[in-house]
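So that the names make sense, note that chain A is the first sequence line, chain B the second, and so on, each numbered from 1.
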Amino acid sequence: MTTTPTGTESATARRAVGTAHPRVEGYEKVTGTARYAGEIPFVDLAHGALVLSTVAHGRIVSVDEAGALRMPGVLAVLHHGNAPRIETEYVGFLGAPDPTTAVFQHDRVPTRGWPVALVVAETPEQAAEAAASLEVTYREEPHDTAFRPDHPDAYYPGSTIVGPPVSERGDQSAALAASAFVVDELYETAEMHHSAMEPHAATARWNGGRLEIVDSNQGTVWVASELAKLFSLDLSAIRVRSEHVGGGFGSKGCRAHQVAAVMATTQLRRPVRVVMTRRQTFSLAGHRAPTAQRVRLGADAGGRLLALDHESLNQTATGYEWVEPAALPARTMYNAQAHRTAHRLVRLNVPSPTAMRAPGEAPGSFALESAMDELAERCGIDPVELRVRNDTQVAPGSGKPFTARRLVGCLREGARRFGWEQRTPRSGSTREGRWLIGTGVACASFSARAMPTTAAITAHPDGTYTVHVNAADIGTGARTALTLVAADELGTDTAHVRVRLGDSDLGPAGIAGGSTGTRSWAWAVNLAARELRERLALGADIPPQGITVRSDTTEAVKALGHHERHSFGAQFAEVAVDPDTGEVRVRRMLGVFAAGQIVNPLTARNQLVGGMTWGISMALHEEAVRDARTGGHYSPDLAGYHVAANADVPRVEAYWIDDPDPEDPVGIKGIGEIGTVGAAAAVTNAVWHATGVRQRSLPVRPDRVLAGGAGPTGA
Amino acid sequence: MQTSTSSEITLDVNGEEHALSVDHRTTLLDALRERLDLTGSKKGCDHGQCGACTVLVDGRRTVACLQFAVAAEGREITTVEGLAPEGGALHPVQQAFLDLDGYQCGYCTPGQICSAVAVIEEHAAGWPSAATDDVRPESGASSLTPEEIRERMSGNLCRCGAYVSIVEAVARAADERAADERGAAASTEEAAV
């Protein structure tokens, strides 16, 4: 069918979209009957355990394959000396493939935690024992894993996945010289790990000439197409399924475990399951690169920006370039006559970084929104008011107008709900017993994009419908949202709609990434539903096999062009700081978002609050620390790497204002990431307000609070 | 003859006896997941750090990844699959998680739910927590405030960040249990009159 953007008009009144609906797979999830990737039974299943390097740089000298094969139950040991050669010279969805994924191709070890072998055995215990006992000897070479702002090897990359690394307009030094107030500070964010609750798991087998993978991922066609390229197979020869996914956050694409499982099943001719251990995810599953960001702001006496320069440096692997686009928020948020953003990289002997929930936006908004808060302080202007004064209807990066920018609405509504007007501007002015109390604000933006997607809907003779769309519900509630979208457009009750997803045989579709998933899939579902309803309106009998209508949004998405389409938000936080112990507690948090049509308020609120919870976690807890001597992490597990626990998270409220996207048939913009953006800065700005001391390095650990002294009491 | 590295054991899971031969290294979690096909209990870390594998052993919450299967013999084990009769009504905690969206990806959910079932009982039995202001036995049970729930549920990580909904769900289930108890007490009184 032909597909063109047709605005928000709909032949039927909306009944389901916009109303709270429990998850359609909720019963399975609360009863434990929802099966995740590592839980699908296979006859004759063998278990593979990955072996990772214990040196940070060097070459593999030997792998004692024979010793491992003598152990009970061991079926195979795959390593660079015997593994099949695969194709690595291609350009995939995220550019060149991450070399960590193309396992066992050479003897070089670029980082600690690099996959060097796969041991396959009859039982998980046998595989784990043999993997732990496998003797691998290395010739070590010097390594450098120490990320620092002044690293001499920093360089400007050629390009990034989000456009040129540098944007520049106007004369910075002239604008700064003309400024009444200047902020020039360095902000640092820590190495962070996705830490999805379900570790990566894949089972591979050959079935009737096709390669079948049962996996946990954010896009089955994405993974299938990467595997097709790596193994030089036709895409149609691979089927990847991924029905329930225990979290992804950017880490669940094509990774070493799937590739190793394919190699093993090809050799053994029986199903092989490879599950990463929690510790292995810290080097195999990507991470958010640590950043060092210098932000320079210059403003006139009224707080209006004259100069903005945001430069970010992040670590990447020696064999893989990942630009953490932390200076991107500046291209959306605030304008200035002299406006510059820049990204630099430094290659270290660390595992490959990748996208992690709000890549760029999360660390970048911390730096930019902290700097804006510092500017407000220096100008003596309320931080909400300063941001309102610097609102722009034209995107600084492109010079194009926004399709909609309701940032001021979010700020005003948030300030009202939060009780911002009761705030005393002076820092360190509120005390409750031993606790210093402070409040902070920060802004958020996230781009609203869509990816080409196909869908098919079948009308059955019994009045029910089956929606086929290769979506990935990684906890976003996509399955439920698509049910609501289909029901409305079909003019039926949600109980009559089944959604089938997570299977590459369902056809091409966008991934669960970049906050584009639900928007992209809903678009295709909406179009198919619309045409199916028109078809059924003719009154034809429905044959036993049903009537099926297909849609493809490729042309429609292309026709969208490059508009400045973004979601916006305002984040507010209240913290309590103990000046004697340095402990920071978030006491409440509130966010207001203008983020398109909200499809399911129940799950949307949860997702936005979840994003804000990530902000708390980023601000106060998350930090993967490397030992410079070994090049490895200290305690790469969920005890050593703390993510916010229940007691770390107070009352968190998320609200939204009306903001449907006129060019999307359902009005959706996407809400997966914006909740995280600005959240950390709201917390740290509140810490400043409580203590009078700026915290420019994340996380705000107790020792950092103590080292800073607690302003009025510490002085 | 049986080798010295495995044993024949019987596990009592959800009211059913299961005889199986296990490698001594097999954890209770792996026995449930790999041998009994009870995959509701999840493996998030295998180190006792995330709580996704929480089950009830003799009514007390336990991380099944830190217990060997052979050590669980003779214990009454309840997993998420055993909280509600098959095809029957959900356990009130399960229903509250479903209604109030106390989850997102669902992977930590069985552990959260098992933990919550035990938390409500522990609290009702007067066990204090680090969030309990007055821990003197004579002061009686405090109310199960959000602070109490957050503290008591902190052994169960949720990376999606659904804690706010989880706390709401646990609070609702606890309120329902308290109301049921008051109702039962009232009808006992009535019967006595």
Smallest separation among heavy atoms of B/Gly44 and A/Leu638, with atom names:
O-CD1, 4.5 Å
Measure the CG-CZ distance between B/Asp46 and A/Arg279 for me, rounded to the nearest 0.5 Å.
11.5 Å
How far does CG of A/Asp648 sit from OG of B/Ser154, to the nearest 0.5 angstrom?
6.5 Å
Counting only non-hydrogen atoms closer than 4.5 Å, does A/Thr603 touch chain B with its backbone (N, CA, C, O), its side chain (CB onward), both, or neither?
both
Most heavy-atom pairs under 4.5 Å with chain B, out of A/Gly247, A/Ser617, A/Ser195, belong to A/Ser195
Give the intermediate values and the outcome of side chain to side chain contact (heavy atoms under 4.5 Å, CB included) for residues B/Gln104 and A/Asn606.
CA-CA 8 Å; B/Gln104 287 177 33; A/Asn606 197 345; 2.7 Å; yes
Honestly, the part of B/Glu34 sitting under 4.5 Å from a heavy atom of chain A is side chain
Measuring heavy-atom distances to chain B, does A/Val245 have an atom under 4.5 Å in its side chain, in its backbone, in both, or in neither?
backbone
Chi angles and distances behind the side chain to side chain contact (heavy atoms under 4.5 Å, CB included) call for A/Val652, B/Tyr163:
CA-CA 9 Å; A/Val652 181; B/Tyr163 296 124; over 6 Å; no
Check whether any side-chain heavy atom of A/Arg278 sits under 4.5 Å from a side-chain heavy atom of B/Lys43, and report yes or no.
no
Where on B/Glu168 is there a heavy atom nearer than 4.5 Å to chain A: the side chain, the backbone, both, or neither?
side chain
Contacting moiety of A/Phe249, where chain B heavy atoms sit under 4.5 Å
side chain
Heavy-atom pairs under 4.5 Å with chain A, option from B/Ser41, B/Gly51, B/Cys45 with the top count
B/Cys45
Which answer fits B/Leu157, side chain, backbone, both or neither, if we ask what part of it has an atom under 4.5 Å from a heavy atom of chain A?
both
Any idea which of B/Pro146, B/Gly106, B/Gly40 has the most non-hydrogen atom pairs under 4.5 angstrom with chain A?
B/Gly106
Could you tell me the separation between the CG atom of A/Leu602 and the OG atom of B/Ser165, rounded to the nearest 0.5 Å?
7.5 Å
Starting at CG of B/Asp101, measure out to NZ of A/Lys29 and round the result to the nearest 0.5 Å.
9.0 Å
If I measure from the heavy atoms of chain B, does A/Arg479 come under 4.5 Å with its side chain, its backbone, both, or neither?
neither
Can you tell me if OH on A/Tyr655 sees more than 12 non-hydrogen neighbours from other groups inside 6.0 Å?
yes
Just how far is it from atom CD of B/Gln49 to atom CG of A/Asp637, taken to the nearest 0.5 Å?
4.0 Å
A/Ala196 versus chain B, heavy atoms under 4.5 Å apart: side chain, backbone, both or neither?
backbone
Select one option (side chain, backbone, both, neither) describing which atoms of A/Thr33 are under 4.5 Å from chain B's heavy atoms.
neither
Would a 4.5 Å heavy-atom cut-off, applied to side chains only, mark A/Arg605 and B/Val164 as touching?
yes
Hey, what do you get for NE2 (B/His91) to OG1 (A/Thr31), rounding to the nearest 0.5 Å?
13.5 Å
Hey, are the side chains of B/Val167 and A/Asn646 touching, using non-hydrogen atoms and a 4.5 Å cut-off?
yes
Return yes when atom CD of B/Glu73 has more than 12 non-hydrogen atoms of other residues, nucleotides or ligands closer than 6.0 Å, and no otherwise.
yes
Using a 4.5 Å cut-off on heavy atoms from C-beta on, say whether the side chain of B/Thr39 contacts that of A/Arg35.
yes
If you count the non-hydrogen atoms of other residues, nucleotides and ligands that lie under 6.0 Å from CZ in B/Arg177, is the total more than 12?
yes
Using a cut-off of under 4.5 Å on heavy-atom pairs, state which of B/Asp37, B/Leu100, B/Leu38 scores highest against chain A.
B/Asp37
Between A/His193 and B/Arg159, what is the shortest heavy-atom contact and its length?
O-NH2, 2.8 Å
Which heavy atom in A/Arg357 sits nearest to a heavy atom in B/Cys160, and how many Å separate them?
NH1-O, 4.1 Å
Please determine whether the number of non-hydrogen atoms from other residues, nucleotides or ligands lying under 6.0 Å from atom CG of A/Asp44 exceeds 12.
yes
Selection from B/Asn156, B/Leu90, B/Ile166 maximising heavy-atom pairs under 4.5 Å formed with chain A
B/Leu90
Whatever's closer than 4.5 Å to a heavy atom in chain B on A/His21 counts as neither
Hey, is CZ on A/Arg588 packed in by over 12 heavy atoms from elsewhere, all under 6.0 Å?
yes
Under 3.5 Å, is there a donor-acceptor pair between the side chain of B/Arg150 and the main chain of A/Val649?
yes
Side chain, backbone, both or neither: which part of B/Ala162 has an atom under 4.5 Å from a heavy atom of chain A?
both
Max heavy-atom pairs within cutoff under 4.5 Å with chain B, candidates A/Ala644, A/Gly675, A/Ala34, A/Gly248, goes to A/Ala644
Looking at A/Met612, A/Glu129, A/Glu653, which has the largest count of heavy-atom pairs under 4.5 Å with chain B?
A/Glu129
Can you give me the closest heavy-atom contact between B/Gly88 and A/Tyr27, atom names plus distance?
O-OH, 4.2 Å
Which portion of B/Thr79 sits near chain A, non-hydrogen atoms under 4.5 angstrom
neither
Heavy-atom proximity to chain B below 4.5 Å, by part of A/His194
backbone
